[in-house]
**Student:** 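Just dropping this structure here.
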Amino acid sequence: MIVSALQRLVDEGRLSLPDGVPTQVRVERPKVKEHGDYATNIALQLAKKAGLNPRDLATDLAGVLAEHDGVSAAEVAGPGFLNLRVAADAQGQVAAHVLQAGADYGHSELYAGQKVNLEFVSANPTGPIHIGGVRWAAVGDSLGRLLTFAGADVTREYYFNDHGAQIDRFARSLLASARGQEAPEDGYGGQYIHEIAADVVAKHPDVASLPDPEATEVLRAEGVALMFAEIKASLHDFGVDFDVYFHENDLHESGAVERAIARLDELGKMYEKDGARWLRTSDYGDDKDRVVVKSDGQAAYISGDLAYYLDKRERGFDRCLIMLGADHHGYVSRMMAMCAAFGDEPGVNLELLIGQMVNLLRDGEPLRMSKRNGTVISLEDLVGAIGVDAARYALSRYSTDSPIDLDLDLWASTTNDNPVYYVQYAHARLSSILRNAADLGIDHGLDRFDPGLLEHEKEGDLLRALASFPEVASRAAELREPHRVARYLERTAAAFHAFYAVCRVLPQGDEDVTDVHRARLVLVDATRQVVANGLGLLGVSAPERM
RNA sequence: GCCCCCGUAGCUCAGGGGAUAGAGCAACGGUUUCCUAAACCGCAGGUCGCAGGUUCGAAUCCUGCCGGGGGCACCA
């Protein structure tokens, strides 16, 4: 629209642009509503090229744009901003769009046709999921929902690390417990070790008396299976289910690791030094090359990553996203280098999302966690303390770039300052109005909806909030930032509560039902839908009553 | 020493180059004959860590410094 207006000015000889008319003009929704419904800074950007004063250019543009249907006003403001106002009925129409789209409102085709692999949590099955992993469970799952909403074909994947030294330590810790001995120096402690060891012993009464290698093997296999089942169950209770549980062991047993290394060999990315086989990651920005096969012939950890990445690509994933904690940020450059070594594009085919840590406080003091001593705060502990909804919301509400301090006492006792209730309460209130309307037999079908009746300031605020949901959802998916949805919901809930305080929706007493009541009910219905859609993206429930 | 993240109101944090930097909590003062007061309204609170640079315009982008957190294996 603005492009054609510019073109018209040029055609009429009122404007000359040496570089031609831009094909794209950035239009944004201003933060302050006094600046209209849409605003553009195009005049500021083009003024220099056109040799005009920005305000004059903006004024000319405004004159052309104001003639457009659906534009109620075009104003020049500040140094040369152009603010556009949408006619009231066009704005009110948003509510009808929302109800027509229903649960799909906000859906986009941003990633249509793309297969996305989203790997997250991937905690080792050597203990319960601890608090750090829970953040990725909440954020990762929500990101999965967002990407699906943005049209991607998403596979949630859990990389199940059942190969290597940590599992060995786990098995030895179980053996020690089964024999009533102290946990090994480098092992795991804690109540869960004893419980799992006891479970295995119940199944295999003679396990403690077997020779070490056999006993360790039994405990490893059974213990890992039990631990894994427990992790899966607690994630499920948290509302997080994975499509694929990928076992690292399979990569080693199927020859996938050898194939990945052979592939890199063909590409000339490998060399031998000091009896080990190295990958030239430093050619692609890594600090130094990495050992893939150790001098003792054992595969180094990265070999599993190589094979795993290749496997994902061979399974047809266009984008592989991996969520990692800040303690793994050192892997980013080597993983990206690995991606490049395969001839792929880092940042597109492989993307690593680094999130900061979660710290727990009790009585204002940091809680020290130690796997050795078994002082872990698990997913169940957190959920037991504050509930699934509050936990998921609290963990998703902040940018993953910032560490969060969760004060357990605060979250457990004073739920009042928890924003999740603010949003959920809005949903309950909305549902309540709709229930009451149904009881009164008021029909608010769209055939009778007159969007022009929604002309109160607070109705406008609310409509603008509803209109911005699709953009918020796709932006959150694009930036991999679910917290934007939470913040959006808080803004929208606030707009609704403010509307509710001044705009009566249902008729009072013997009052007749008017089209204003019906129009407001459409708005309420639409708001409920948007809040429900948003909460759904976070995996938080939308209660009908509170 | 090198790498990553952060530094915005008393506290916890939003703010992907724009207009007067926002919200919740905490503090203070109001609002309920009627749709859920877990709400609303008002008031107050700021050198956006510091210094340069780019730009018509910087909390936002670049460089340096200071402060906090995390990480730098032929461990996994």
Side-chain angles (χ1 to χ4, degrees), chain A residues 26 28 30-32 34-35 39 41 44-45 47-48 54 77-81 83 124 126 161 163-169 186 248 273-278 287-288 290-302 304-305 325-333 354-357 359 397-405 407 410 414-426 428-437 439-440 458 475 478-479 481 483-484 486-488 490-491 493-494 496-509 511 517 520-521 524 545-546:
Chain A
R26 200 165 151 192
E28 59 182 25
K31 282 187 251 180
V32 191
E34 283 70 31
H35 298 148
N41 58 0
L44 283 164
Q45 295 188 339
K48 214 173 189 178
F81 291 102
N83 298 330
N124 290 347
T126 54
N161 193 318
H163 184 273
Q166 298 202 23
I167 298 292
D168 293 343
R169 284 204 279 274
D186 59 351
E248 184 189 1
K273 193 182 94 183
D274 303 336
R277 305 191 65 194
W278 300 69
D287 302 344
K288 55 180 179 182
R290 302 289 166 177
V291 169
V292 175
V293 181
K294 295 188 253 179
S295 52
D296 63 3
Q298 287 275 309
Y301 182 78
I302 194 173
D305 285 336
D327 53 341
H328 288 73
H329 93 269
Y331 301 167
V332 174
S333 52
I354 300 298
Q356 301 300 312
M357 301 301 201
N359 299 306
R397 191 175 112 92
Y398 303 95
S399 161
T400 52
D401 282 341
S402 59
I404 4 184
D405 293 326
D407 188 320
L410 184 83
T414 65
T415 50
N416 263 8
D417 56 359
N418 185 349
V420 70
Y421 290 105
Y422 184 78
V423 176
Q424 288 186 316
Y425 179 65
R429 236 182 187 184
L430 287 156
S431 303
S432 166
I433 296 171
L434 293 168
R435 265 197 311 274
N436 294 339
D439 290 346
L440 292 171
K458 298 297 181 188
R475 182 65 55 91
E478 197 180 352
L479 297 174
E481 291 185 345
H483 77 269
R484 286 169 184 272
R487 302 293 173 158
Y488 166 80
E490 289 165 32
R491 280 199 303 280
F496 163 66
H497 287 309
F499 154 80
Y500 178 90
V502 294
C503 293
R504 176 78 200 186
V505 177
L506 298 176
Q508 305 183 57
E511 202 185 342
H517 294 128
R520 285 180 174 171
L521 269 171
V524 165
R545 297 167 205 271
M546 285 175 77

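All values below were derived from every heavy atom in this structure, side-chain atoms included, with hydrogens, water molecules and symmetry-related copies excluded. The chains referred to below are lettered A, B, ... by the order of the sequence lines, with proteins before strands, and numbering in each begins at 1.
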**Student:** If we take the C1' atom in both B/G67 and B/C74, what is their distance in whole Å?
**Tutor:** 37 Å
**Student:** With respect to the phosphate group of B/A37, does any side-chain polar atom (N or O) of A/R429 fall under 4.0 Å of OP1 or OP2?
**Tutor:** yes
**Student:** Check for a donor-acceptor pair, side chain of A/D296 on one end and backbone N or O of A/Q298 on the other, with a separation under 3.5 Å.
**Tutor:** yes
**Student:** Hey, is the side chain of A/H329 pairing donor to acceptor with the base of B/G71 inside 3.5 Å?
**Tutor:** no
**Student:** Rounded to the nearest angstrom, tell me the gap between atom OH in A/Y500 and atom P in B/C40.
**Tutor:** 12 Å
**Student:** Whole-Å distance between B/C74 P and A/D274 CG?
**Tutor:** 10 Å
**Student:** Find out whether A/Y500 and A/V524 are in side-chain contact, i.e. whether some heavy atom of one side chain is under 4.5 Å from a heavy atom of the other.
**Tutor:** no
**Student:** About how many Å separate CZ of A/R475 and CD of A/E481, when rounded to the nearest 0.5 Å?
**Tutor:** 10.0 Å
**Student:** Measure from NZ or CZ of A/R487 to the centre of the six-membered ring of A/Y398 and say whether it is under 6.0 Å with the direction within 45° of the ring axis.
**Tutor:** yes
**Student:** Let's see if you can work this out: which of B/G16, B/U36, B/C75 has an atom nearest to the side-chain heavy atoms of A/A165?
**Tutor:** B/C75
**Student:** Please, what dot-bracket string fits RNA chain B when only Watson-Crick and G-U pairs with both distances under 3.5 Å count, crossing ones use [ ] and pairs to another strand use |?
**Tutor:** (((((((..((((....[...))))..((((.......))))......(((((..]....))))))))))))....
**Student:** Report yes if some heavy atom in the side chain of A/L506 is under 4.5 Å from a heavy atom in the side chain of A/R504; otherwise report no.
**Tutor:** yes
**Student:** Heavy atoms only, 4.0 Å cut-off, all strands: where does A/I167 land among base, sugar-phosphate and nothing?
**Tutor:** nothing
**Student:** Which value, in whole Å, describes the distance between the P atoms of nucleotides B/A59 and B/A51?
**Tutor:** 13 Å
**Student:** Looking at A/K294, does any N or O in its side chain come under 4.0 Å of the phosphate oxygens OP1/OP2 on B/C75?
**Tutor:** yes
**Student:** For A/F499 and B/C41, give me the distance from atom CZ to atom C1', rounded to whole Å.
**Tutor:** 17 Å
**Student:** On a whole-Å scale, what distance lies between the P atoms belonging to B/A39 and B/A26?
**Tutor:** 10 Å
**Student:** Classify A/E478 by what it touches in the nucleic acid, base, sugar-phosphate, or nothing, heavy-atom distance under 4.0 Å.
**Tutor:** base
**Student:** C1' atom, B/G57 versus B/G18: distance in rounded Å?
**Tutor:** 7 Å
**Student:** Using only modelled atom types and a 3.5 angstrom limit, is any donor from either the side chain of A/S432 or the base of B/C35 paired with an acceptor on the other?
**Tutor:** no
**Student:** For B/C56 versus B/G68, give the span between their C1' atoms, rounded off to a whole number of Å.
**Tutor:** 37 Å
**Student:** Starting at NZ of A/K288 and ending at P of B/G1, how long is that distance when rounded to a whole Å?
**Tutor:** 19 Å
**Student:** Grab the OH-P distance between A/Y421 and B/A39 for me, whole Å please.
**Tutor:** 12 Å
**Student:** Would you tabulate the nitrogen or oxygen pairs shorter than 3.5 Å linking the protein to nucleotides 48-50 of chain B?
**Tutor:**
none

**Student:** Grab the CD-C1' distance between A/Q424 and B/A39 for me, whole Å please.
**Tutor:** 15 Å
**Student:** Grab the two heavy atoms, one from A/E490 and one from A/Y422, that are nearest each other, plus how far apart they are.
**Tutor:** O-CE2, 3.7 Å
**Student:** Side chain of A/Q356: nearest nucleotide among B/C35, B/A73, B/C5?
**Tutor:** B/C5
**Student:** Would one find a side-chain N or O of A/Y422 under 4.0 angstrom from OP1 or OP2 of B/C40?
**Tutor:** yes
**Student:** Which pair of non-hydrogen atoms, one from A/E248 and one from A/N161, has the smallest distance, and what is that distance?
**Tutor:** OE1-OD1, 2.9 Å
**Student:** Using the P atom as the point on both nucleotides, what is the distance between B/U12 and B/G29, in whole Å?
**Tutor:** 25 Å
**Student:** Kindly give the heavy-atom pair with the smallest separation between A/A426 and A/F496, and that separation in Å.
**Tutor:** O-CE2, 3.9 Å
**Student:** With a non-hydrogen cut-off below 4.0 angstrom, is A/M546 in contact with a base, only sugar-phosphate, or nothing?
**Tutor:** base
**Student:** So if I take every side-chain heavy atom of A/L506 and compare against B/A38, B/C35, B/G16, which nucleotide ends up nearest?
**Tutor:** B/C35
**Student:** Look at all strands and tell whether A/A428 reaches a base, only sugar-phosphate, or nothing, counting heavy atoms closer than 4.0 Å.
**Tutor:** base
**Student:** Do A/V291 and A/I302 come close enough that some side-chain heavy atom pair is under 4.5 Å?
**Tutor:** no
**Student:** Show the nearest heavy-atom pair for residues A/S399 and A/H483, with the distance to one decimal.
**Tutor:** CA-ND1, 3.5 Å
**Student:** What's A/G164 touching, base or sugar-phosphate or nothing? Going by heavy atoms closer than 4.0 Å.
**Tutor:** sugar-phosphate
**Student:** Taking the C1' atom of each, how far is B/A9 from B/G17, in whole Å?
**Tutor:** 24 Å
**Student:** Does a side-chain heavy-atom distance below 4.5 Å link A/T126 with A/R169?
**Tutor:** no
**Student:** Is the glycosidic torsion of B/U12 within 90° of 0, making it syn, or is it anti?
**Tutor:** anti
**Student:** Take the protein atom CD of A/E490 and the nucleotide atom C1' of B/A39, then report the distance between them rounded to whole Å.
**Tutor:** 15 Å
**Student:** Rounded to the nearest 0.5 Å, what separates atom NE2 in A/H497 from atom CG in A/L430?
**Tutor:** 8.0 Å
**Student:** Tell me whether the OP1 or OP2 atom of B/U36 has a side-chain N or O from A/N436 closer than 4.0 Å.
**Tutor:** yes
**Student:** Where do N or O atoms of nucleotides 8-14 of chain B meet protein N or O atoms at under 3.5 Å, pair by pair?
**Tutor:**
residue: B/C13; atom: OP1; partner: A/P403; partner atom: O; Å: 3.4
residue: B/C13; atom: O2'; partner: A/R487; partner atom: NH1; Å: 3.3
residue: B/C13; atom: O2'; partner: A/R487; partner atom: NH2; Å: 2.4
residue: B/A14; atom: OP1; partner: A/S399; partner atom: N; Å: 3.0
residue: B/A14; atom: OP1; partner: A/S402; partner atom: OG; Å: 3.3

**Student:** Does A/R484 or A/A498 map to a spot on RNA chain B nearer the 5' end, using the closest nucleotide for each?
**Tutor:** A/R484
**Student:** Taking all atoms of both residues into account, what is the closest heavy-atom pair of A/I354 and A/A326, and its distance?
**Tutor:** CG2-CA, 3.8 Å
**Student:** Could you tell me the separation between the CZ atom of A/R435 and the CG atom of A/L440, rounded to the nearest 0.5 Å?
**Tutor:** 12.5 Å
**Student:** For A/R475 and for A/I354, locate the closest nucleotide of RNA chain B by heavy-atom distance; then report the residue assigned to the nucleotide nearer the 5' terminus.
**Tutor:** A/I354
**Student:** When the distance from NE2 of A/H328 to P of B/C5 is rounded to whole Å, what number comes out?
**Tutor:** 18 Å
**Student:** Considering only the P atoms, how many Å lie between B/G10 and B/U54, rounded to the nearest integer?
**Tutor:** 33 Å
**Student:** Of all heavy-atom pairs between A/G330 and A/S333, which one has the smallest distance, and what is that distance?
**Tutor:** O-OG, 4.0 Å
